[in-house]
Amino acid sequence: MAAELIADANGNERNGGKETEAVTSVPGNLMQSAFPFRRHGQCGRWVSSVFPHLARHVDDLAFLMSVTSRTNVHGPASYLMNTGFTLPGFPCMGAWLSYGLGSLTDNLPTFVVIPDGRGLPYNNLGNFSPGFLPARHSGTVLRATASNPINDLFPPTAARHITPDSEAASRALLREMNHEHLERLPGDSRLEARIASYELAASLQSHAPEALDLARETEPTRRLYGMGQPATDAFARSCLTARRLIERGVRFVQVWSGAGGPTGNWDNHGSIPRELPPMALSVDQPVAALLHDLKQRGLWEDTLVVWSTEFGRHPFTQGSDGRDHNGGTSVAWLAGAGVKGGTAHGESDEWSWQARVPHSGYDLHATLLHLLGIDHERLTFRHNGSDRRLTDVHGEVVHEVLQDSIV
């Protein structure tokens with residue numbers, strides 16, 4: 001904990017009357033951005049130089065400029081971003097959408113998660129959990145950069161005794177035995193989910209290879225996303241895979257950038273000038289390409305794109321030029337279906353330390369559900385005597401970033 005001493009416009013230090021604290025460090029000096037900002041688009045949105053490709057799309061984006069978190073710790077904040085609660089055991093948004101809207105296809109999962117190729121985020125699979133919802137609403141983890149994106153989808157090549165006919169016979173026998181077991185244990189959602197997973201796996205054997213085959217894309221499309229370039233190839237594959245899945249009826253695809261741990265992600269405790277540019281470079285072109293591609297393919301009006309994080313960064317330094325966690329304010333943006341492009345709402349203080357016009361994660365979730373045709377107060381599930389919601393007992397739709405026709 002340290003007293004807040006900040007410089008005014010004339011360079012004189014003044015006490016802001018509050019105290020600041022950081023999660024893993026003693027607060028240092030106020031530090032300006034290491035990268036220049038300039039205005040872009042008709043809306044004049046300020047964008048950092050580390051996002052040159054995304055800067056061209058600001059007129060299509062709606063920004064929430066002051067998203068707050070109730071915690072500055074990765075694990076609880078990641079749960080909060082995904083589930084609306086800081087504790088494990090609650091359904092994530094993808095599971096809620098699977099439960100509330102159902103599936104668009106029988107051939108692919110309803111909810112797919114594409115983690116960073118370097119590893120899972122903080123909380124590992126807990127971020128994709130169905131919690132107390134029926135287990136079939138869990139996210140299916142798909143590794144877009146791996147030669148075998150879905151584990152154990154096909155038998156090992158050494159198992160030559162397993163043939164398509166023997167697999168079909170095995171599934172039929174398992175189906176019969178499982179249904180007999182289910183009759184003795186009615187209402188066991190885990191068993192129901194296991195039965196459904198076998199049936200989905202059989203369908204995936206026929207449909208996943210085509211859906212995940214990026215070689216079917218044209219060379220210009222692969223270049224547009226940044227495939228083949230060392231800095232962007234991994235995230236390009238994730239974004240292009242996400243678009244192919246959305247085209248084929250997958251309801252919700254969550255693409256992650258950054259794995260849990262002290263390095264190789266957006267944490268940047270050690271040095272913003274050194275650590276932030278490679279992370280921004282890895283996502284800038286692929287995300288911009290995804291936005292362009294959705295428009296070109298007629299998917300823009302039916303697809304909602306969301307960019308968010310669990311919290312922001314302090315305006316003062318950690319060490320010489322790093323930054324520590326800050327739940328006081330961060331930025332998220334939305335694009336696509338029902339979003340009023342070129343708009344922004346919310347405001348932080350002049351130091352980007354605390355939100356002046358705050359939006360909670362509950363407000364973000366309420367707004368996303370509204371865009372998907374769901375009243376966040378009515379999407380509930382009875383659990384332990386309570387009608388649970390993604391937004392708990394909070395949340396207000398941010399109408400200012402919505403098209404007039406759906407406000």
Side-chain angles (χ1 to χ4, degrees), residues 31-65 67 114 116-118 144-145 214 217-243 255-258 264-268 270-297 299-300 303-309 312-313 315 321-323 329-336 339-344 346 348 352 401:
M31 181 175 70
Q32 70 177 16
S33 173
F35 313 100
F37 277 68
R38 69 180 183 90
R39 292 183 182 273
H40 291 267
Q42 294 297 313
C43 65
R45 177 58 42 209
W46 289 96
V47 182
S48 168
S49 62
V50 299
F51 293 114
H53 291 86
L54 272 173
R56 302 170 191 156
H57 294 268
V58 291
D59 288 332
D60 293 322
L61 310 182
F63 291 85
L64 298 180
M65 302 299 295
V67 181
I114 306 178
D116 192 298
R118 291 166 291 194
T145 59
L214 302 187
E217 298 289 331
T218 65
E219 181 61 26
T221 298
R222 294 196 294 270
R223 286 200 306 269
L224 176 71
Y225 279 80
M227 283 182 60
Q229 302 175 31
T232 55
D233 185 77
F235 203 72
R237 291 177 181 276
S238 295
C239 288
L240 187 50
T241 298
R243 192 223 75 207
V255 181
W256 287 78
S257 169
N265 52 36
W266 298 87
D267 222 4
N268 303 162
S271 172
I272 290 286
R274 185 179 69 252
E275 297 171 1
L276 179 61
M279 291 303 300
L281 177 62
S282 70
V283 304
D284 179 45
Q285 181 179 344
V287 175
L290 176 62
L291 299 176
H292 173 81
D293 209 11
L294 291 173
K295 278 191 168 185
Q296 293 295 107
R297 293 172 180 271
L299 298 170
W300 185 257
T303 305
L304 177 61
V305 183
V306 186
W307 179 273
S308 64
T309 182
R313 291 282 143 178
D321 55 7
R323 295 192 194 274
T329 186
S330 65
V331 175
W333 58 256
L334 291 66
V339 174
K340 185 187 292 185
T343 60
S348 71
S352 297
V401 298

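Scope of the values below: all heavy atoms of this structure, side chains included, with no hydrogens, waters or symmetry mates.
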**Asked** Does a side-chain heavy-atom distance below 4.5 Å link Leu291 with Asp60?
**Response** no
**Message:** Show the nearest heavy-atom pair for residues Val47 and Ala55, with the distance to one decimal.
**Reply:** CG1-CB, 3.9 Å
**Request:** To the nearest 0.5 Å, tell me how far Phe37 CZ sits from Arg45 CZ.
**Result:** 11.0 Å
**Asked** Is a side-chain N or O of Arg323 found less than 3.5 angstrom from the main chain of Pro315, in a donor-acceptor match?
**Response** yes
**Prompt:** Distance from Thr241 atom OG1 to Phe235 atom CZ, nearest 0.5 Å?
**Reply:** 11.0 Å
**Prompt:** What is the minimum heavy-atom distance between His53 and Ala288, and which atoms define it?
**Reply:** CB-CB, 3.6 Å
**Complete:** Rounded to the nearest 0.5 Å, the CD atom of Gln285 sits from the SG atom of Cys239 at a distance of 10.5 Å
**Prompt:** Does atom CZ of Arg38 have more than 12 heavy-atom neighbours from other groups under 6.0 Å away?
**Reply:** no
**Request:** Give me the ring orientation class for Trp333 and Trp307: parallel if the planes are under 30° apart, tilted from 30 to 60°, perpendicular past 60°.
**Result:** parallel
**Request:** Enter the distance from Ser33:OG to Trp46:CH2 here, rounded to the nearest 0.5 Å.
**Result:** 11.5 Å
**Item:** Heavy-atom closest contact (Pro52 atom, Asp284 atom, distance)
**Value:** CD-OD2, 3.1 Å
**Item:** Minimal non-hydrogen separation, Met279 against Glu275, with atom names
**Value:** CG-O, 3.7 Å
**Message:** Could you check whether any side-chain N or O of Asp59 sits under 3.5 Å from a backbone N or O of Gln42, counting only pairs where one atom can act as donor and the other as acceptor?
**Reply:** yes
**Asked** Hey, does the side chain of Asp116 reach the backbone of Gly258 with a donor-acceptor pair shorter than 3.5 angstrom?
**Response** yes
**Message:** For Pro273 versus Asp321, what's the shortest heavy-atom pair and its separation?
**Reply:** CD-O, 3.5 Å
**Asked** Do any N or O atoms from the side chain of Ser308 and from the backbone of Ala332 form a donor-acceptor pair under 3.5 angstrom?
**Response** no
**Request:** Calculate, to the nearest 0.5 Å, the distance between atoms CZ and CD belonging to Arg243 and Gln296 respectively.
**Result:** 11.5 Å
**Prompt:** Taking atom CG of Leu304 and atom CG of Leu334, what is their separation to the nearest 0.5 Å?
**Reply:** 5.5 Å
**Item:** Sidechain-backbone polar pair: Arg313 side chain, Asp267 backbone, donor-acceptor under 3.5 Å
**Value:** yes
**Item:** For Ser48 against Phe35, the heavy-atom pair lying closest together
**Value:** OG-CB, 3.7 Å
**Message:** Taking side chain to side chain donor-acceptor pair (under 3.5 Å) as the cut-off, I'd like each qualifying pair that reaches into residues 218-238, sequence neighbours left out, listed once.
**Reply:** Thr218-Thr221, Glu219-Arg222, Tyr225-Asp293, Asp233-Arg237
